[in-house]
Protein chains: 4
Amino acid sequence: MTIRAVVWNENVHETENATVAKVYPDGIHGAIAAALNANDGITATTATLQEPEHGLTAARLAETDVLLWWGHAAHGDVSDEVVERVAEAVWGGMGLILLHSAHFAKIFKRLMGTPCNLTWREAGERERLWVTSRNHPIAAGIGDFFELENEEMYGEPFGVPEPLETVFVSWFQGGEVFRSGLTYKRGAGNVFYFRPGHETYPTYFDDNVKRVLTNAVKWAHNPAARVADVTDAPNVPVDTALEPLTARGGSLHARGEEGFR
Amino acid sequence: MTIRAVVWNENVHETENATVAKVYPDGIHGAIAAALNANDGITATTATLQEPEHGLTAARLAETDVLLWWGHAAHGDVSDEVVERVAEAVWGGMGLILLHSAHFAKIFKRLMGTPCNLTWREAGERERLWVTSRNHPIAAGIGDFFELENEEMYGEPFGVPEPLETVFVSWFQGGEVFRSGLTYKRGAGNVFYFRPGHETYPTYFDDNVKRVLTNAVKWAHNPAARVADVTDAPNVPVDTALEPLTARGGSLHARGEEGFR
Amino acid sequence: MTIRAVVWNENVHETENATVAKVYPDGIHGAIAAALNANDGITATTATLQEPEHGLTAARLAETDVLLWWGHAAHGDVSDEVVERVAEAVWGGMGLILLHSAHFAKIFKRLMGTPCNLTWREAGERERLWVTSRNHPIAAGIGDFFELENEEMYGEPFGVPEPLETVFVSWFQGGEVFRSGLTYKRGAGNVFYFRPGHETYPTYFDDNVKRVLTNAVKWAHNPAARVADVTDAPNVPVDTALEPLTARGGSLHARGEEGFR
Amino acid sequence: MTIRAVVWNENVHETENATVAKVYPDGIHGAIAAALNANDGITATTATLQEPEHGLTAARLAETDVLLWWGHAAHGDVSDEVVERVAEAVWGGMGLILLHSAHFAKIFKRLMGTPCNLTWREAGERERLWVTSRNHPIAAGIGDFFELENEEMYGEPFGVPEPLETVFVSWFQGGEVFRSGLTYKRGAGNVFYFRPGHETYPTYFDDNVKRVLTNAVKWAHNPAARVADVTDAPNVPVDTALEPLTARGGSLHARGEEGFR
C-alpha cells in the first residue's frame, strides 16, 4: 500500500515572476511531486490555490495521507473554511508538512497558536543544515549535515512553540541560525516544518532536500483510520459510568443534554 | 512589587442559575480574586464578559501580569478581537491560567491549535488530583495528592498538544482519569490549564485549590518587559548582515521591501 | 523484512514461585515472544539472566532491532557491563521496551537519569488504561481505554523525566493514577515504558496488552543502520573547517590531539 | 532571602597551564563566584576537586540551592559517591548548571542517560549565541543574540535527550551550529546546560555571560524544601487504600514487606 501524498502550492510566483518560472517550469508543486513519486512507497498528486476549494475538498482530504504545503505571496487568499477543514483532517490523523515560507501560512499559525515569525534576508547565501537528532527517520540517509549553496536566510527567534523534536538546525553565511526541521503533533496528526525552499533557487531539485521530503512523508503517515468526530465532547451519563456511581450535588444539565461550547 | 492578576469570568450562571448564585454570591471571579488577594505578593482585580471590551482593553492587558480565565456557557459571545488581543499579550509575556470549562474558551483553542475536547459527566463525584511533578512550583505545599469530594468529571482523551509538563493527573470515582494540570509556553507567555472548578460546587473555596491558583499565578508571571512588536518579521538587509556577505542569485524583493504575510 | 525482537526476562519467579510458574509455564518471556511471533512482521526470540552474558552478547545486540525487558527480583544481578552494552545499542538506534517492574531495572534508571520510583500495592485490583494520545501508533486498534481486572497498583508520583509523549494513563480501583505508557528517545533509540505485567496475573495473555506490545515493537524499530562510534567526540581541525578559518588565541591542545573525557 | 550558589571547579588547568592561569588568576570558580556575588539576591561560594569529598559533603549540598559545575581534564577523578550524592540532591530539588566542557562531567552524563558527545575545535573563533526562546528568564536582558569573539567550537550532533526548552543556539565562524542553552528537569531539580567557557579565553568575564549565569541561578532555584527520601518506593497496604478495596488474586509479597529493587 502506497502513501497518498498531496503537494499543495499557491502557484503564484511560478506564473508571475520570470525568475521563478524558469527555475520551476512545472511549479514547485510539480517538482516536489516528481521527487516523491520517484519513491515506490509514495503516490503524490498536486493541488493549487486556483482550483475550486483550492483543490482540497473534504473528499480529497479523506483520501490524503500526507499533505505538503507551500505558500508565500497569497496566504491571505486561502479560505478560512479550507484551513479549518485541513486542521480537522490533521487532528484526525493526516500528516502535514509545511515548507519554507509556509511558516506564515494560515494553517501553520492555526495549528501552532503562535505568531510563527522570524527574521529573513534574500541574498542567495550559503545554508548548512546540521542534523541535531542522529538517525531520526526524517534525517535517514543524511550524514551530519548538508549544504545549500544559495538560499534565503531565516533567523531566530522563530515564533513557534517548543517542538516535540528538533531535527535540523541551520547555519547561515551571514551569521544567523535557525531551527530548520521541527516536529509537532496535533491530535493524531504528525506535523513537520522544513525550512529550505525559496522560490528563486532550485532547492527542491537538491538530492538531500528530496530525500528529507521523502523521509518526512513516510514519517508523517499515520496508517490508522482517521479519528471520527474528532472535535466531539461526549457526555458520559451517570448510569453508564464504568464504576458504580450515584449523582450528588447541584446540577446544570438535564440528563443527556449537550454540553456548552 | 506585587504581581498584578486579573480574574476574568463570563459571569453568566452566577446571575441566571439559583444553585450557582448560592455557591458563588460574589461570582467565581470574586471568589478567586479574594483567594489571590490573601497573598501578599499578588494584587488581583476582576473583569467580566459584560463590561465594555469584556474589561480587557489594550491598556488593561498592558498592566496585567497574569490573566485567569473562567468561561462555560458564553464562549461564543467573546469577541474575536479581544481573543487576538489576549493572544498577543500572552506571546509578549503575559501569563494565562485557564480554568475548568475554559478548555473550550476561544483563547485556549486559539493558543493550543487543537480541539481541546474531552468527555464529561456532572454527577458530583469524588476527584483526587495526584501530583505527577513533585515540588513543581505550581504544586508547592501540596503533598502527593488532594481530594475534591464533589466535582464534574472530565475524561481522557483530552484534545490538547503534549504539554511542557504534566503537573496533576486526576482520578475520578466513576472510572476516568484526566491530565488536570498542564503547562505550556506560547511565545514569552507561560500558560497553565487547571481542571477543577465546576460552578455548582464550592471548588474555588477549597484550600488546596486556592493554593494551586496562588502558586500558578506566581509561576506564570514573567517579570521581563512585554516583547514589543511580537508578530514582526523584520528583513535583515545584506549590507547590515553580521558577517560580510554579497548578494547572489535570483531575487523577489527590492531592498528594504516588506515580506509577504 | 521482519523486525527482530528479543524478549529478555530475569526468569526468577517463574522457577521459584508456584503461583507464577502456574500462570506462566513458559515464562513471561515465552508468553510475550509467542504473542509477538503471532504477527507476520516480527520475529521474536528470548534471552534470560541465567544465560552467559545474560544472553545479550555484542553480536546478539547487533542483530536485535527491539529489546523488551522484564525484571523484578534480580535487578542487582544484572552485570553493569551488559547494562552499558545495552545502553550503547539504544543510543545507536536499538528500540527498548521496559515492562512493569523494569521501572527499577538498571538499564531504565541508566537511561532516565532519575530514581524511577513509585508507590505500589499488590491487591489484584482493577486497572483501566486510558489512551491519552488518540491513534498513537502504540495505541493502534485500542479504543479510548481497556481494562485489566487484576493488576498490581503503581501510583504517582513516578520518578521519571517528562516523557516525549504520554500514551496511557491508568486508573486504579484503590484510588491511584499512573502514567502507564511513556515514550522517550535516547540517542537514535526509541524507548517505551509500559506499566502492566505483574507476574502473578495473566496480563501478558490479554489481547489488548499483546496488541500494545506488538504496536510498540513496530513503533520502536528504527530501520536505519546503527550509529557507529556513538560516543565519539571528534576533533575538527582548523584546516578542515567547513568555512575558511585561522586559529586565534590561547590553546590547550596540540593539533590532532584527543579531547579530555 | 538570598539564593545560595556553589561554584564547583576541578581547578586543574588554572594551576598547571600558564595560559589559563593568566586568564583566570582566581580560577574559573573564583571568576564565576565574583560575578554571581555582584547580584544582591545571590550568595556564591566555591568548591574544588582537591578539597575533601571535592567540597561537596552531604551537609554542604543540603545548604546549596544551586550548584554550578565546571570540569574538563579531570572528569575521571570525581568520585562516584559524590556524583550519586549530587544526583540525589538534584532529584530532591537542588538546581544544577553545567558549564562548557562539563558536557562530559560524570554528573551530566548520569542525569542525561546519553553520551553527551559533540564535535569540537579549539581555534579561538567567533561564536554568536542566538536566543531561541524570547524573554525566557535565563535570557532576560539579552537581546536577540550576543557574541564571543574567541571561543572553542562545539558542533552538533550533541548527544543529549530532547530538552524541555532550547534557550540558545550558537553560530560558529567555522561553519557549525550548537544548541548552547538547554533546560531539563530531573526530579524536582532544574538543570541547565550552558555551552561557552573554554578556559583559555576570558569568557566568564563577559557581561552577557555573567548575566546569563546570574539569570540561570535564579531560574534553577526551587524554593521548596528538598524532597525527603527521594528514591523511596513505598508500599500502600490494602487496608490503607484511599478507596475501599479487597485483595484478590495471587501474591508475591507478605503484608508490609519491602518491594524488590
Side-chain angles (χ1 to χ4, degrees), chain C residues 13 17 19-20 23 72-73 75-76 87 91 101 104 110-115 117-125 150 153 155 159 161-162 164 173-176 184-187 199-201 230-238 241-243 245-253 259-261, chain D residues 13 17 19-20 23 72-73 75-76 87 91 101 104 110-115 117-125 150 153 155 159 161-162 164 173-176 184-187 199-201 230-238 241-243 245-253 259-261:
Chain C
H13 283 141
N17 180 298
T19 303
V20 180
V23 179
H72 190 187
H75 294 317
W91 300 335
S101 39
F104 262 162
R110 175 72 179 87
L111 293 173
M112 294 295 105
T114 54
N117 53 338
L118 41 78
T119 69
W120 60 281
R121 175 176 55 236
E122 193 195 26
E125 69 200 88
N150 295 106
M153 180 281 287
E162 198 66 28
L164 216 54
Q173 195 179 353
E176 284 87 357
Y184 294 92
K185 199 147 181 205
R186 289 293 179 267
E199 61 264 50
T200 61
Y201 316 120
V230 73
T231 64
D232 273 15
N235 178 245
V236 182
V238 177
L242 295 160
E243 301 289 330
L245 199 63
T246 309
R248 297 180 288 166
S251 177
L252 285 176
H253 300 276
F260 301 108
R261 297 193 73 112
Chain D
H13 284 141
N17 180 298
T19 305
V20 180
V23 179
H72 190 187
H75 295 316
W91 300 336
S101 40
F104 262 161
R110 175 73 180 86
L111 293 173
M112 294 296 105
T114 54
N117 53 337
L118 43 76
T119 70
W120 60 280
R121 176 177 55 236
E122 193 194 27
E125 69 200 89
N150 296 107
M153 180 281 289
E162 199 64 30
L164 216 54
Q173 196 178 353
E176 284 87 357
Y184 293 92
K185 200 150 180 202
R186 289 293 179 267
E199 61 264 50
T200 61
Y201 316 120
V230 73
T231 63
D232 272 16
N235 179 244
V236 183
V238 176
L242 296 160
E243 301 289 330
L245 198 63
T246 308
R248 296 179 289 163
S251 177
L252 285 177
H253 299 275
F260 302 107
R261 296 193 74 112

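Throughout, a chain's letter reflects where its sequence line sits, starting with A, and its residues are numbered from 1.
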Worksheet item: Closest approach of Asn117(D) and Ala233(C), non-hydrogen atoms and distance?
Response: CB-CB, 4.2 Å

Worksheet item: For the side chain of Glu162(D) and the backbone of Lys185(C), is there at least one donor-acceptor N/O pair under 3.5 Å apart?
Response: no

Practice prompt. With rounding to the nearest 0.5 Å, note down the distance linking CG in Leu111(D) to CE in Met112(C).
Written response: 12.5 Å

Worksheet item: At their closest point, which heavy atom of Leu242(D) faces which heavy atom of Gly175(C), and how far apart are they?
Response: CD1-O, 4.5 Å

Worksheet item: Closest heavy-atom contact between His75(C) and Arg261(D)?
Response: CD2-C, 3.5 Å

Worksheet entry | Minimum heavy-atom distance between Asn235(D) and Trp120(C), given as atom pair plus value | ND2-O, 3.1 Å

Worksheet entry | Main-chain N/O of Val238(C) paired to Arg121(D) side chain as donor or acceptor, under 3.5 Å | no

Worksheet item: In terms of the angle between their ring planes, are Phe260(D) and His13(C) parallel, tilted or perpendicular, with boundaries placed at 30° and 60°?
Response: tilted

Discussion item. Please classify the contact of Ala73(D) with chain C as side chain, backbone, both or neither, using a heavy-atom distance under 4.5 Å.
Written reply: both

Practice prompt. For the residue pair Arg186(C) and Pro161(D), establish whether any side-chain heavy-atom pair is separated by less than 4.5 Å.
Written response: yes

Fill in: Contact origin within Val20(D) toward chain C - heavy atom pairs under 4.5 Å
side chain

Worksheet item: Which of the residues Gly249(D), Gly250(D), Ala247(D) is involved in the greatest number of heavy-atom pairs with chain C at under 4.5 angstrom?
Response: Gly250(D)

Practice prompt. Give a yes or no answer on whether the side chain of Gln173(D) reaches the backbone of Leu245(C) with a donor-acceptor pair at less than 3.5 Å.
Written response: no

Discussion item. What part of Thr19(C) gets within 4.5 angstrom of chain D, counting heavy atoms only: side chain, backbone, both, or neither?
Written reply: side chain

Worksheet, complete the sentence: Applying a strict 4.5 Å limit to non-hydrogen atoms, the region of Thr246(C) in contact with chain D is backbone

